[in-house]
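Okay, structure first, notes after.
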2 protein chains.
Amino acid sequence: MAQAYVDVQKVKSARKALLNPETITSLSEIFKVLGDPTRLKIVLAVAHAELCVQDLASLLSISESAISHQMRVLKTLRLVKQRRDGKMAYYSLDDEHIEDLIRVATRHISEL
Amino acid sequence: MAQAYVDVQKVKSARKALLNPETITSLSEIFKVLGDPTRLKIVLAVAHAELCVQDLASLLSISESAISHQMRVLKTLRLVKQRRDGKMAYYSLDDEHIEDLIRVATRHISEL
DNA sequence: ATGATGATTGAACATCTGTTCATATATAAT
DNA sequence: ATTATATATGAACAGATGTTCAATCATCAT
């Protein structure tokens, strides 16, 4: 059972150190979106070149539908932007910070 | 259907820009682990102070069992380290990069 | 207008995830 | 030895997630 505190002071100060709920939510959303290998690959790909749905599907070997579903997620989170050209939809990165984020994370895993 | 390429060259060069599979896996694992609000809060808390399971449970208002399960995940990914002191298990951050990662991400969301 | 093509959407599905509950392990105190 | 306490583990469950398939929408070419 034990719904008690071992060290009340530490918990109190840790609680203050915790970011506010909205920030926590936004942060975990960003991390979560990059936490799926498919989406991470998409982000890396469109960071390198503006690509259409078909080519992303070919590149990642999944259906165009799956790509489209994921692009909606990425667009909602404002990680990518869309350019329309006739029938085609071209996607590219809409965020410089994301590359920093990936860079920092890459440095992290290379030091294990 | 259309299992074809629109722009073969672009796909080819995008494929090269893609990191190798192991890196992709490791990266998405790191992001995924921070992509859950509970784990993110745990990481923020133990980055601030060394805490035991009970106090983490109190802080986040979930069961000690749930904390314990998550600590195992975080320990496996080497994000936190454990110190034993009698019956107690004290956890603290085992990675400086993680704080950088959260910092960069925080900057990102503050600019929306 | 008709057909073809690229993209999107919705439903369905299997799989994964995070939590709780019950139980087990480990240490400490009596 | 027994009891109490802190943590860990395993099973079970509900809810979320990522994909495919089928259908739809939008644009282009004939």
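Small disclaimer: the values here were computed from a predicted structure and weren't measured.
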* Asked: What residues form a side-chain hydrogen bond (donor to acceptor under 3.5 Å, both in side chains) with D85(B), not counting sequence neighbours?
  -> none

* Select base, sugar-phosphate, or nothing to describe what K32(A) touches, counting heavy atoms under 4.0 Å on all strands. => sugar-phosphate

* Asked: Residues from residues 20-28 of chain A sitting under 4.0 Å of DNA chain C, heavy atoms only?
  -> none

* To do: Could you check how far CG of L51(A) sits from P of dA7(C), rounded to whole Å?
  => 11 Å

* Would a distance-only check, ignoring hydrogens and angles, find a side-chain to backbone donor-acceptor pair under 3.5 Å from T25(A) to P21(A)? -> yes

Which pairs would a plain distance check flag for residues 9-17 of chain B, meaning a side-chain donor or acceptor within less than 3.5 Å of a matching protein atom at least two apart in sequence or in another chain?
unit_1	atom_1	unit_2	atom_2	d
K10(B)	NZ	E50(A)	O	2.7
S13(B)	OG	K10(B)	O	3.4

* Structure fact -> Taken in chain and number order and not counting sequence neighbours, the residues that satisfy side-chain contact (heavy atoms from CB on, under 4.5 Å) with A45(A) are L51(A), L56(A), L59(A), L18(B)

* Is any side-chain nitrogen or oxygen of R72(B) closer than 4.0 Å to OP1 or OP2 of dT9(D)? -> yes

* In whole angstroms, how far is the P atom of dT7(D) from the CZ atom of R83(B)? -> 12 Å

* Asked: Between L40(B) and I24(A), what is the shortest heavy-atom contact and its length?
  -> CD2-O, 3.7 Å

* Reckon Y91(B) touches a base, only the sugar-phosphate, or nothing at all at heavy-atom distances under 4.0 Å? -> sugar-phosphate

* Determine, for nucleotides 19-30 of chain C in 5'-to-3' order, which nucleotides have protein heavy atoms under 4.0 Å from the base (write B), from only the sugar-phosphate (write S), or from neither (write -). => SBBB----BS--

* Asked: Separation of K75(B) atom NZ from dT7(D) atom P, in whole Å?
  -> 12 Å

* To do: Figure out the CE/P separation between M71(A) and dT9(C), and round it to whole Å.
  => 13 Å

* To do: Rounded off to whole Å, could you give me the CD1-to-C1' distance for the I42(B) and dG18(C) pair?
  => 11 Å

* To do: Quickly work out the Q54(A) CD to dT5(C) P distance and round it to whole Å.
  => 10 Å

* Interatomic distance, R39(A) CZ vs dA16(D) C1' [rounded to whole Å] -> 12 Å

* Not counting sequence neighbours, which residues clear side-chain hydrogen bond (donor to acceptor under 3.5 Å, both in side chains) with T23(B)? List them please. => N20(B)

* Atom-pair distance (OH on Y5(A); P on dT5(D)), nearest Å -> 19 Å

* Structure fact -> H97(A) meets the side-chain hydrogen bond (donor to acceptor under 3.5 Å, both in side chains) criterion, sequence neighbours left out, with E111(B)

* **Shortest side-chain distance from S68(B), nucleotide among dG6(C), dT8(C), dA8(D)** => dA8(D)

* Do any pairs count as a side-chain hydrogen bond (donor to acceptor under 3.5 Å, both in side chains) and have a residue in residues 29-41 of chain A, sequence neighbours left out, and if so which ones? -> R39(A)-Q70(A)

* **By side-chain hydrogen bond (donor to acceptor under 3.5 Å, both in side chains) - contacts of K75(B) (at least two apart)** => Q82(B)

